Amino acid sequence: MVVSKVVVSIALIFANDMNHHCLGFTLPNLSHLTHNREKPINKWSAFDVELSSSALRAVPPSSIVPTSLISASNHWGNIAALSLAASLAQLIGKTTLIGRLLGAPVTAMALTFMLSSVSIFPSSAPGLNWLTLLPPGGSEASSFLQIVSLTLATPLLLLGTSIRGKALRRCGSLLGSFVIASLGTLVGAIIAIILPSYTQIIPSLTLPNGDGVKIASALLAKNIGGGINYMAVCSCLGAAPESIAAGLCVDNVMALAYFPLTSVLASKFKDVDGSNDLREDESNIDQGEDKMISPIESLSHAFTIAAVLTASGQCLNNLLQQWNSKSLNLSLPITTLLTVVFSTFYPPNWFLSPTTSSNERSNNNLGFSNTIAKSGEHLGTSLLYLFFATAGAPGWKLKASIQQSFPSIASFLIIMYGVHLGMLYGFRQLTIKFLCERKDYHGNLHSFWEKVAAPQRLLAASSAAIGGPATAAALAQANEWRSLLSPSLLVGNVGYAIATFLALAYYSAFQC
């Protein structure tokens, strides 16, 4: 009798599992075949954790009973909920205090985390009174959306990244400042990964699944380029979703202290003389662009370019893995390289070109302007928000990883940020001491280094490295540094172009 009960129970669980994962329809209820007339045990009692009322309960990690309003097999329902969370995060990030503190990306993660962890909807299932909106642990639709959004966002955000001589000249002296800031981040990451070996006070960056050096490399990429570089490195190195979410959350917490500090320091300085940084004929380079190509065309062209470059990157990566089966998944880094090469060397004014020469614009010829690059940036940014929404979808599964990883990741970032700021300050002081005291010698060289070491440029370059081009441009605009507004965006794009490859080299040097 006992054996028959066990067999029937196993059959019930297997049938339910097949129902949820394979068949797509409800199997008949076989519970009447059991002869156990005892009162059923409430298996939820071990997981029912009161939050603020009886209606809010932590979700059990697994169950044969549906625990979410939108099931894991409801693909379009999951996509709709994740898209809604991404849109709400952008609104909350602009209109609320907590949203501005966390930032829209972390807000998107927090929203989907709550929607898949906290039960707020009534349930008709016996033994379970409340449901979450999203399935705990994520879904196939969430995983698919995560891959697609990240893969396409990478080339879309890089369409405006040109590193030809003229584009670099437009960066002016700020490019030198950005090199110093990026070098500070790199040296800080090296010290942060080595220092725990010599002292027991600082915890080493040990994460679940052996992802310590992977997340360190990704954080290096993020603090030279941006979030897209962070995700590209994580994808390339195969970091676990829990580690990815933990690194992103801790980095944004550290940013809550860093960016207010830079804003306070920046408020003490006026705009620098930008006559040599941005020529008059180039300062108005964007005027009249929107008349040259319609928004619908530019969006379509941007998506087409991204799809072609992504397919090319995937193809080259497959060929590389056929040649070397132990090779990393380099599809996103290859796509990044292809996008930078395309944006830099594809002739202006051609079909699908993201750039237009100033001569063609002044002659009012019919060219394809960099509204394609702007459309790519808008579309890529929206996909990036969607990616951050999917990052929080596993819900309660992320809690233990974030709690376990927070001290070591925070220590790594504190050291990296400290070295970054220390190198900027030290460079400024060395410039004042060794160059400004020798004004009578090497006048041109002195003038260049004096501009590079200007506090306005160092702060803008630091923001471009740590926060990306949008953050640097926002800092310049808030302090009315008009001469640094356009160069801040340009050097930030340079960071996008180089950060992924620097991080992969860093990983190769420090992996066990």
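Computed from a predicted model, the values in this text were never measured in an experiment.
- Shortest non-hydrogen contact noted between Leu475 and Ala266 is CD1-CB, 3.8 Å.
- Around the CD1 atom of Ile296, the shell of radius 6.0 Å holds no more than 12 heavy atoms that belong to other residues, nucleotides or ligands.
- Screening Thr310, Leu330, Val340, Leu316 for a side chain to side chain contact (heavy atoms under 4.5 Å, CB included) involving Thr335 leaves a single residue, Thr310.
- Side-chain atoms of Thr390 come within 3.5 Å of backbone N or O of Phe387 as a donor-acceptor pair.
- To the nearest 0.5 angstrom, Leu490 atom CG is 11.5 Å from Phe178 atom CZ.
- A donor-acceptor pair under 3.5 Å links the side-chain atoms of Asn318 to the main chain of Gln314, judged by distance alone.
- When side chains are defined from C-beta on, Ser243 counts as touching Ile215, because their heavy atoms get closer than 4.5 Å.
- The two residues Ile79 and Ser83 have their closest heavy-atom pair at O-OG, 2.8 Å.
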>> Please determine whether side-chain contact (heavy atoms from CB on, under 4.5 Å) holds for the pair Leu261 and Leu421, giving the CA-CA distance in whole Å, both sets of side-chain angles, and the decisive distance to 0.1 Å.
In response: CA-CA 11 Å; Leu261 175 62; Leu421 291 174; 4.1 Å; yes
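- Between the Ser177 side chain and the Val452 main chain, a donor and an acceptor come within less than 3.5 Å of each other.
- Note: Leu485 CG to Arg482 CZ = 8.5 Å, rounded to the nearest 0.5 Å.
- Phe259 CZ: more than 12 foreign heavy atoms inside a 6.0 Å radius.
- Note that the CG atom of Leu174 and the CD atom of Gln456 stand 11.0 Å from one another [nearest 0.5 Å].
- Between the Ser408 side chain and the Ser405 main chain, a donor and an acceptor come within less than 3.5 Å of each other.
- When all heavy atoms are compared, the tightest approach of Ala89 to Ala104 is CB-O, 3.6 Å.
- Atom CD1 in Ile70 sits 11.0 Å away from atom OG in Ser116 (nearest 0.5 Å).
- Contact between Ser139 and Ala72 at its shortest, heavy atoms only, is CB-O, 3.8 Å.
- Between Ser375 and Ser298, the side chains place a donor N or O and an acceptor N or O closer than 3.5 Å (distance only, hydrogens not considered).
- Taken from CG in Leu134 to CE in Met114, the straight-line distance is 12.0 Å, to the nearest 0.5 Å.
- Closest heavy-atom contact between Arg457 and Ser173: NE-CB, 3.7 Å.
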> Hey, mind stepping through Leu205 and Val213 against side-chain contact (heavy atoms from CB on, under 4.5 Å) and telling me if it holds?
Replying inline: CA-CA 7 Å; Leu205 191 58; Val213 181; over 6 Å; no
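- For His75, the side-chain contact (heavy atoms from CB on, under 4.5 Å) partners two or more places apart in sequence, or in a different chain, are Glu140, Ala141.
- Closest approach of Leu82 to Ala393, counting heavy atoms only: CD2-CB, 4.3 Å.
- Annotation: ring pair (Phe, Tyr, Trp, His ring centres under 6.0 Å) contacts of Tyr506 (sequence neighbours excluded): Phe510.
- Evaluation of the side-chain contact (heavy atoms from CB on, under 4.5 Å) rule for Phe501 yields Pro333, Thr336, Leu337 as partners, not counting sequence neighbours.
- In this structure, Leu383 CG and Leu379 CG are separated by 5.0 Å, a value rounded to the nearest 0.5 Å.
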Below 3.5 Å, can you tabulate the donor-acceptor pairs from side chains in residues 150-159 to any protein atom, sequence neighbours excluded?
residue: Thr151; atom: OG1; partner: Ile147; partner atom: O; Å: 2.6
residue: Thr154; atom: OG1; partner: Leu150; partner atom: O; Å: 3.0

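- Scanning for side-chain contact (heavy atoms from CB on, under 4.5 Å) contacts around Ile180 gives Leu424, Phe427, with sequence neighbours left out.
- A donor-acceptor pair under 3.5 Å links the side-chain atoms of Ser149 to the main chain of Gln146, judged by distance alone.
- Using a 4.5 Å heavy-atom threshold, the side chains of Leu386 and Leu145 count as touching.
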> Passes side-chain contact (heavy atoms from CB on, under 4.5 Å), Val308 versus Leu352? Steps please.
Replying inline: CA-CA 11 Å; Val308 171; Leu352 295 180; over 6 Å; no
Which donor-acceptor pairs under 3.5 Å do side chains of residues 223-241 form with protein atoms, sequence neighbours excluded?
residue: Asn223; atom: OD1; partner: Tyr417; partner atom: OH; Å: 3.1
residue: Asn223; atom: ND2; partner: Leu219; partner atom: O; Å: 2.7
residue: Asn223; atom: ND2; partner: Asp251; partner atom: OD1; Å: 3.4
residue: Asn229; atom: OD1; partner: Gly226; partner atom: N; Å: 3.0
residue: Asn229; atom: ND2; partner: Tyr496; partner atom: O; Å: 2.9
residue: Asn229; atom: ND2; partner: Thr500; partner atom: OG1; Å: 2.9
residue: Tyr230; atom: OH; partner: Ile244; partner atom: O; Å: 2.7
residue: Tyr230; atom: OH; partner: Leu248; partner atom: N; Å: 3.2

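- For the pair Thr112 (side chain) and Ala389 (backbone), a donor-acceptor distance under 3.5 Å is present.
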